[in-house]
Amino acid sequence: KPDSALPADPGIITSVATDPELGYNVVRLIFPHDRIVVTDADALRHQVFNKLVSSILTERLAQRKERHPAPFLLGRASYGSSLAREQEELTLMALVADGGVEAGLTALVEACERFLRFGVTPDEVDRAKANHQSAADTTLAESAKKPAPQWADTLVASWLRQEPVADPAWTHANLSAALESITPDQITETAEVLLFPARSLVRLDLAEKPGNHPPENERIQFLVTATRAAEMKATPAATASPTALLPDPPVPGKVVSRQEIPGIGVTELRLANGITVIL
């Protein structure tokens with residue numbers, strides 16, 4: 001297929017689609033960028049930076065969902081390929097209730113703007129790095145079990161996209177090295193490039209039903225611009241996971257009786273507090 005140049009006009013491009021058979025409403029905020037072809041360790045490192053930004057945004061959207069009132073039912077971010085061959089995209093997605101498009105879009109824009117204004121915390125970066133390292137370890141451990149059809153898809157994609165197929169051990173080693181050296185300041189600098197480039201997109205896929213009216217293009221443009229200009233505070237940092245389930249361990253109780261039930265492999269315990277436990 002020949003390469004087709006995409007329009008590069010700056011601004012916020014909007015796309016609104018409705019369908020009576022669609023059972024949900026999705027709001028997407030999309031930031032397109034030139035495709036990264038992983039031909040060496042530097043390119044892989046660049047790709048890791050971008051994916052860490054999306055991971056931290058996903059964590060923040062999950063935290064926002066837990067605060068009342070929740071502006072969406074589900075929120076996440078991802079970085080990956082685009083329908084356009086020479087582009088990749090950072091995409092923020094929110095699944096919203098009927099009539100919740102504006103609240104959902106506002107929340108996505110706020111998450112990006114807070115990232116730009118206040119940066120990231122070391123704890124956020126450490127959690128994102130640990131998650132990516134764990135995924136990389138699993139991928140390497142499972143690489144020998146990759147089914148032939150998946151290898152075929154990889155080779156076809158390599159031919160069509162003109163990308164090399166990296167050895168799993170090489171990828172793991174260089175990805176691990178990149179994760180170990182990345183700092184919070186570098187993640188903040190990456191976000192400044194990824195978020196709100198000259199050309200951004202807002203895409204709405206909505207259920208067509210009474211009362212679920214999509215906003216006009218001018219309203220979408222206003223929401224993005226006004227939200228970015230609004231005053232806001234940094235999102236409270238997530239607290240570290242506790243090292244124990246309870247700060248003060250309870251006093252142990254006692255097993256007052258124990259009965260074996262032969263034939264079915266069951267043991268019945270009666271505790272001092274009256275509870276019966278079946279093992």
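For clarity, every value in this text was computed on a predicted model and none was experimentally measured.
Closest of all the heavy-atom pairs between Ser143 and Leu140 is OG-O, 2.7 Å. The heavy-atom pair separating Leu90 from Ser54 by the smallest distance is CD1-CB, 3.7 Å. The shortest non-hydrogen separation linking Leu175 to Ala136 is CD2-CB, 3.8 Å. Shown here for Val16 and Pro214, the closest heavy-atom pair between the two residues is CG1-CB, 3.6 Å. When all heavy atoms are compared, the tightest approach of Ala166 to Thr171 is CB-OG1, 3.3 Å. When all heavy atoms of Pro164 and Val37 are compared, the pair lying nearest together is CD-CG1, 4.4 Å.
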Show, in sequence, the C-alpha distance, side-chain angles and deciding distance for Glu66 and Gln63, and conclude whether the side chain to side chain contact (heavy atoms under 4.5 Å, CB included) test is met.
CA-CA 5 Å; Glu66 298 305 318; Gln63 295 169 5; 5.9 Å; no
Test side chain to side chain donor-acceptor pair (under 3.5 Å) on Ser55 and His132; report intermediate values, then the result. CA-CA 9 Å; Ser55 293; His132 279 266; 2.7 Å; yes
| request: Might you work through the side chain to side chain contact (heavy atoms under 4.5 Å, CB included) test for Glu189 and Val193, ending with a clear yes or no? | output: CA-CA 7 Å; Glu189 293 169 1; Val193 175; over 6 Å; no
Go through Leu95 and Val27 one step at a time and tell me if the side chain to side chain contact (heavy atoms under 4.5 Å, CB included) criterion holds.
CA-CA 6 Å; Leu95 188 68; Val27 178; over 6 Å; no
Self-check item: Leu223 and Val109: CA distance, side-chain angles, deciding distance, side chain to side chain contact (heavy atoms under 4.5 Å, CB included) verdict
Solution: CA-CA 9 Å; Leu223 283 172; Val109 175; over 6 Å; no
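Among residue pairs with one or both ends in residues 19-38, those qualifying as ring-ring contact (aromatic ring centres under 6.0 Å, His included) are Phe31-Phe196; sequence neighbours excluded. Legend: side chain to side chain donor-acceptor pair (under 3.5 Å) pairs involving residues 246-256, not counting sequence neighbours: none detected. Residue pairs meeting the salt bridge (charged side-chain N to carboxylate O under 4.0 Å, His left out) criterion with at least one partner in residues 164-175, sequence neighbours excluded, do not occur; the list is empty.
In this structure the side chain of Arg199 reaches within 4.5 angstrom of the side chain of Ile13, judged on heavy atoms. Counting only heavy atoms from C-beta outward, the side chains of Ile12 and Val202 approach each other to under 4.5 Å. Two residues are said to be in side-chain contact when any heavy atoms from C-beta on lie closer than 4.5 Å; Leu204 and Pro215 meet this criterion. Residues Leu29 and Leu201 have side chains not in contact (no heavy-atom distance under 4.5 Å, counting atoms from C-beta outward). In this structure the side chain of Leu22 never reaches within 4.5 angstrom of the side chain of Glu208, judged on heavy atoms. Residues Leu52 and Lys129 are in side-chain contact: their nearest non-hydrogen atoms beyond the backbone lie under 4.5 Å apart. Residues Arg28 and Met93 meet the side-chain proximity criterion, which asks for heavy atoms closer than 4.5 Å. Residues Arg64 and Pro71 form a side-chain contact, since some pair of their non-hydrogen atoms from C-beta on lies under 4.5 Å apart.
Looking at Gln133 and Asp137, their side chains do bring a donor and an acceptor atom within 3.5 Å of each other. In summary, the side chains of Asn25 and Asp205 do not present any donor paired with an acceptor at a separation below 3.5 Å, with no hydrogens or angles considered.
Other residues, nucleotides and ligands contribute at most 12 non-hydrogen atoms within 6.0 Å of the CD atom of Glu216. In the displayed structure, Lys51 atom NZ is contacted under 6.0 Å by at most 12 heavy atoms of other residues, nucleotides or ligands. Shown here is Asp19, whose CG atom has more than 12 heavy atoms of other residues, nucleotides or ligands within 6.0 Å.
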Report, one line per pair, each donor and acceptor closer than 3.5 Å where one atom sits in a side chain of residues 72-81; sequence neighbours left out.
unit_1 : atom_1 : unit_2 : atom_2 : d
Tyr79  : OH     : Asn50  : ND2    : 3.3
Tyr79  : OH     : Glu88  : OE1    : 2.8

For residues 262-279, dump all side-chain donor-acceptor pairs below 3.5 Å to protein atoms at least two apart in sequence or in another chain.
unit_1 : atom_1 : unit_2 : atom_2 : d
Thr267 : OG1    : Glu260 : OE1    : 2.7
Arg270 : NH1    : Thr276 : OG1    : 3.3
Arg270 : NH2    : Thr276 : OG1    : 3.3
Asn273 : OD1    : Ile275 : N      : 3.1

Please tabulate, for the side chains in residues 151-158, all donor-acceptor contacts under 3.5 angstrom to protein atoms that are two or more places apart in sequence or on a different chain.
unit_1 : atom_1 : unit_2 : atom_2 : d
Thr154 : OG1    : Lys146 : NZ     : 3.1
Thr154 : OG1    : Gln150 : O      : 3.0
Ser158 : OG     : Glu163 : O      : 2.2

For residues 101-108, which side-chain N or O atoms pair as donor and acceptor with protein atoms under 3.5 Å away, sequence neighbours left out?
unit_1 : atom_1 : unit_2 : atom_2 : d
Glu102 : OE1    : Arg219 : NE     : 3.4
Glu102 : OE1    : Arg219 : NH2    : 2.9
Glu102 : OE2    : Arg219 : NE     : 3.0
Thr106 : OG1    : Glu102 : O      : 2.8

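Note that CG of Leu179 is 11.5 Å distant from OG of Ser134, once rounded to the nearest 0.5 Å. Atom CD of residue Gln162 and atom OG1 of residue Thr39 lie 12.5 Å apart, to the nearest 0.5 angstrom. Separation of atoms CD1 (Ile36) and CD (Gln87) is listed at 12.5 Å; rounding is to 0.5 Å. With values rounded to the nearest 0.5 angstrom, Leu61 atom CG is found 11.0 Å from Glu110 atom CD. Of the inter-residue distances, the one linking Leu57 atom CG with Cys112 atom SG reads 5.5 Å to the nearest 0.5 angstrom.
Both Leu194 and Val38 belong to a common hydrophobic cluster when Ile, Leu, Val, Met, Phe, Trp and Tyr are linked at side-chain heavy-atom distances under 4.5 angstrom. Phe222 is not connected to Ile220 by any chain of hydrophobic side-chain contacts under 4.5 Å among Ile, Leu, Val, Met, Phe, Trp and Tyr, and they are in different clusters.
In the hydrophobic clustering (ILVMFWY side chains linked at under 4.5 Å, chained through shared members), Met232 is joined by Phe118. Side-chain contacts under 4.5 Å among hydrophobic residues (ILVMFWY), followed directly or transitively, place Val256 with no other residue at all.
A donor-acceptor contact shorter than 3.5 Å links the side chain of Asn174 to the backbone of Trp170. Between the Gln221 side chain and the Glu218 main chain, no donor and acceptor come within less than 3.5 Å of each other. A distance-only check finds a donor-acceptor pair linking the side chain of Ser181 to the backbone of Ala178 [under 3.5 Å]. Here the side chain of Asp98 pairs no donor or acceptor atom with the backbone of Asn212 at under 3.5 angstrom.
Scanning for side chain to side chain donor-acceptor pair (under 3.5 Å) contacts around Thr227 gives an empty result, with sequence neighbours left out. Glu89 meets the side chain to side chain donor-acceptor pair (under 3.5 Å) test with Ser82; sequence neighbours excluded. Applying the salt bridge (charged side-chain N to carboxylate O under 4.0 Å, His left out) test to Arg45 and every residue at least two apart in sequence or in another chain returns nothing.
Salt bridge Arg60/Glu124: present, at least one basic N to carboxylate O contact under 4.0 Å.
With Thr190 as the fixed residue, the side-chain contact (heavy atoms from CB on, under 4.5 Å) test singles out one of Ile182, Val120, Val53, Val48: Val53.
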